[in-house]
Amino acid sequence: MTTAKLSRRLAPGWVRVQICWLVPAVVTWLVVGYEAARPQPWRDEIASWSAATRTVPEIFALGRHIDGVLVPYYLFLHWWIGWHGDSVTAMRIPSVFAMAAAAAAAALLARRFWGNKAGLLAGLVFAVLPVVSRYGQEIRGYAFAGLFATLATLALSSALERSQWWRWLLYGVCVALMGASHLVALLILGGHLVMAIVLSWWFGRWRLLWWLLAAAGGVVAVLPLTSRGIGQQSAQLSWLDPATPASLANVGTAIFIAPLTGGVVAGLAIAALWRERAAAAVLLWVSVLLPVGLLYAYDQLVAPIFVGRYLMFCVPLLCALAGAALSVLRLPVAALAVVALAAIGLPTQALVRRDHSPFNYQAAAQVIRNGERPGDGIVYEPRDDWQTPDLGLGYYLRDRAPRDLLLTSDQVDNASLWATECPDEIKCIGNTNRIWVVAADNLDPPFRATPTNQLGYGTKALLNAYFIPIVTYRVEGFTIALFVRPPVV
């Protein structure tokens with residue numbers, strides 16, 4: 001009895017359909033969920049926490065100045081934190097589940113074109129990739145963008161084949177949710193346009209009009225929440241230089257994090273072009289390559305924005321193609337190939353479960369917590385760059401933080417991620433006798449912070465004149481010093 005006949009006897013068709021997406025979803029949930037809370041939040045996640053813990057009007061006010069494209073995600077996280085709290089684990093759980101659902105969607109996409117075995121293998125390839133664990137453990141919308149981009153592609157293929165109003169409505173909803181998760185993911189609509197044109201030629205040209213209506217409806221639905229963010233790139237991505245041709249050539253490494261695993265998946269995806277239903281493989285490749293090209297063009301012509309993680313939504317589509325290529329093998333052999341791919345990625349899997357940032361906010365906060373006394377004050381520097389030491393330490397210190405001596409208006413008052421400092425340091429510091437200085441290492445140009453080299457001139461002069469440094473601590477990314485006013489003799 002052949003393996004195929006045995007599998008049909010042991011598992012009816014409907015069972016095999018459920019297995020092909022359910023097993024990858026469970027495996028992805030287990031892999032991504034493993035040590036999900038171990039890496040401490042980095043600056044982007046701290047920004048998500050800061051935004052989501054504001055009131056709804058304050059979130060919209062923030063979006064008018066920065067992170068406008070992330071307002072829908074911040075609103076979702078605001079609601080989630082209200083129910084489940086703001087621990088690292090609680091805030092990362094939605095991304096874990098979104099990645100598990102994306103594995104199921106990738107499996108169903110591959111199954112639609114190449115059968116159950118291709119779907120199962122596509123989902124398992126997705127599950128073991130280090131990039132999936134990295135952004136499945138991120139308090140941002142990348143996992144949701146990947147999920148809804150894949151669901152939109154799946155819904156589009158279904159609607160083009162069997163044009164019914166509810167299928168187009170489902171596609172439009174997926175487009176809206178995709179844009180709400182991360183606006184850059186809407187670039188996949190370029191590939192969807194090509195798919196709609198080609199398949200409309202085969203199945204009926206009215207389908208192209210249906211696609212235009214559904215896609216436009218999805219985009220229009222999300223624009224009221226994200227339109228403020230269009231044009232904020234110069235402020236939000238001021239740290240980023242324009243991409244070079246080398247950046248475009250290395251986009252696979254930027255997307256997959258691990259070059260070797262990314263190369264294997266890309267190679268398998270290319271091999272899918274020689275499988276049956278090669279036209280479907282070509283159209284999926286177009287839906288991957290066009291967003292990359294469009295993002296690069298925007299980067300060159302408008303503002304720097306070419307960041308690998310912004311293209312994470314392409315990964316499930318490439319995994320669907322990889323599953324199609326592997327499905328020509330016998331299932332045990334294909335499963336061994338997936339295991340080998342997982343083994344190749346193990347060092348990077350370990351790496352992504354370490355800290356994601358060179359700034360150890362938790363260790364810096366612990367130094368303050370261990371040494372603070374009633375009446376202490378604190379000074380954070382620099383406050384106008386992306387290290388955000390006050391937000392990062394604030395997450396851990398909460399109401400135990402010493403008084404912020406130079407603060408005149410905080411991030412919420414400014415509808416921003418940065419606070420405003422007092423221009424009159426002598427008046428603001430007053431008669432404080434003990435001052436903690438938390439100095440973050442500089443980003444551009446990079447150099448290590450000392451207790452005073454990141455301070456403004458007035459604060460530095462005041463500390464040098466009236467205080468003496470008692471103790472200095474060094475943790476990753478921060479120099480922390482305690483200055484004490486000497487007793488009057």
Side-chain angles (χ1 to χ4, degrees), residues 28-53 67 69-81 84-103 105-106 126-150 177-178 180-185 236-237 239-240 253-258 261-262 305 307-316 345 348-362 386 388 391-392 395 417:
T28 303
W29 181 78
L30 292 172
V31 173
V32 177
Y34 175 67
E35 294 188 330
R38 181 181 178 185
Q40 63 169 291
W42 71 298
R43 70 183 189 200
D44 279 12
E45 295 181 289
I46 291 294
S48 294
W49 166 77
S50 172
T53 49
D67 280 354
V69 299
L70 300 178
V71 164
Y73 177 74
Y74 289 157
L75 292 172
F76 162 77
L77 190 61
H78 171 83
W79 169 83
W80 180 267
I81 288 173
H84 303 282
D86 64 352
S87 68
V88 175
T89 301
M91 291 190 292
R92 285 180 176 161
I93 281 176
S95 291
V96 174
F97 279 105
M99 278 302 190
F126 182 81
V128 302
L129 293 179
V131 66
V132 172
S133 291
R134 172 64 184 85
Y135 295 112
Q137 298 178 353
E138 179 93 348
I139 310 170
R140 293 300 248 193
Y142 307 123
F144 290 94
L147 167 62
F148 292 119
T150 311
L177 292 172
M178 175 175 65
S181 302
H182 199 263
L183 200 63
V184 172
Q236 189 168 331
L237 299 175
W239 51 272
L240 189 63
T253 299
I255 294 174
F256 282 96
I257 299 177
T261 56
I305 195 174
V307 180
R309 61 181 177 270
Y310 293 173
L311 293 165
M312 196 271 155
F313 63 88
C314 296
V315 173
T348 310
Q349 290 280 12
L351 186 64
V352 300
R353 285 166 173 79
R354 299 175 191 166
D355 289 336
H356 299 157
S357 166
F359 296 95
N360 194 330
Y361 298 110
Q362 187 174 22
W386 290 99
T388 59
L391 288 180
Y395 175 75
L417 297 175

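The model shown is predicted, which means the values in this text are computed figures rather than measured ones.
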Heavy-atom pair of closest approach, residues A127 and T28 | CB-OG1, 3.0 Å
Rounding to 0.5 Å, atoms CG (L391) and CD1 (I46) come to a distance of 7.5 Å
Where is the tightest heavy-atom contact between E35 and R353, given as atom of each residue plus distance?
-> OE1-CD, 3.6 Å
Enclosure of W49 CH2 (heavy-atom neighbours >12, cutoff 6.0 Å) | yes
Which atom names give the shortest non-hydrogen contact between M178 and A149, and what distance separates them?
-> SD-CA, 3.4 Å
About how many Å separate CD1 of I257 and CZ of R134, when rounded to the nearest 0.5 Å?
-> 6.0 Å
If you measure from the Lys or Arg side-chain nitrogens to the Asp or Glu carboxylate oxygens, is any gap between E138 and R309 under 4.0 Å?
-> no
Y74 versus D67: any side-chain heavy-atom pair under 4.5 Å?
-> yes
Residues S357 and R43: side-chain donor-acceptor under 3.5 angstrom = no
Should we count CZ of F97 as having more than 12 external heavy atoms under 6.0 Å?
-> no
Give a yes or no on whether the backbone of A90 and the side-chain of W80 come within a donor-acceptor separation of less than 3.5 Å.
-> yes
Could you walk me through whether F256 and V315 pass the side-chain contact (heavy atoms from CB on, under 4.5 Å) check?
-> CA-CA 8 Å; F256 282 96; V315 173; 4.1 Å; yes
Euclidean distance, H78 NE2 relative to T53 OG1, rounded to 0.5 Å | 9.0 Å
Rounding to 0.5 Å, atoms OG (S48) and CD1 (I81) come to a distance of 9.0 Å
Test item: P39 and V352 side chains (from C-beta on) under 4.5 Å apart, heavy atoms = no
Expected output: side-chain Q137 to main-chain G33 donor-acceptor under 3.5 Å = no
What's the spacing between L75 CG and L70 CG if we round to 0.5 Å?
-> 11.0 Å
With side chains defined as the heavy atoms from C-beta onward, is the minimum distance between F144 and Y73 less than 4.5 Å?
-> yes
Side-chain touch H84/I93, heavy atoms, less than 4.5 angstrom | no
On the 0 to 90° scale, with breaks at 30° and 60°, tag the F76-W79 ring pair as parallel, tilted or perpendicular.
-> tilted
What about Y142 and H182, are their ring centers closer than 6.0 Å?
-> yes
Report the C-alpha separation of M312 and M99 in whole Å, then their side-chain angles, then the decisive distance to 0.1 Å, and conclude whether the side-chain contact (heavy atoms from CB on, under 4.5 Å) test is met.
-> CA-CA 11 Å; M312 196 271 155; M99 278 302 190; 3.2 Å; yes
Evaluate the criterion side-chain contact (heavy atoms from CB on, under 4.5 Å) for residue pair V184 and I305; output intermediate values, then yes/no.
-> CA-CA 10 Å; V184 172; I305 195 174; 4.2 Å; yes
So S95 and R140, side chain to side chain donor-acceptor pair (under 3.5 Å) or not? Walk me through it.
-> CA-CA 8 Å; S95 291; R140 293 300 248 193; over 6 Å; no
Heavy-atom pair with the smallest gap, counting every atom of E45 and H356 | OE1-ND1, 4.3 Å
Audit row: Y395, Y361, side-chain contact (heavy atoms from CB on, under 4.5 Å) steps and yes/no = CA-CA 9 Å; Y395 175 75; Y361 298 110; over 6 Å; no
For residues T150 and A106, report the shortest heavy-atom separation together with the two atoms involved.
-> CG2-N, 3.7 Å
Are side-chain heavy atoms of V32 and V132 found at a separation under 4.5 Å?
-> yes
Taking every non-hydrogen atom, the tightest pair across V31 and S133 | CG1-OG, 3.7 Å
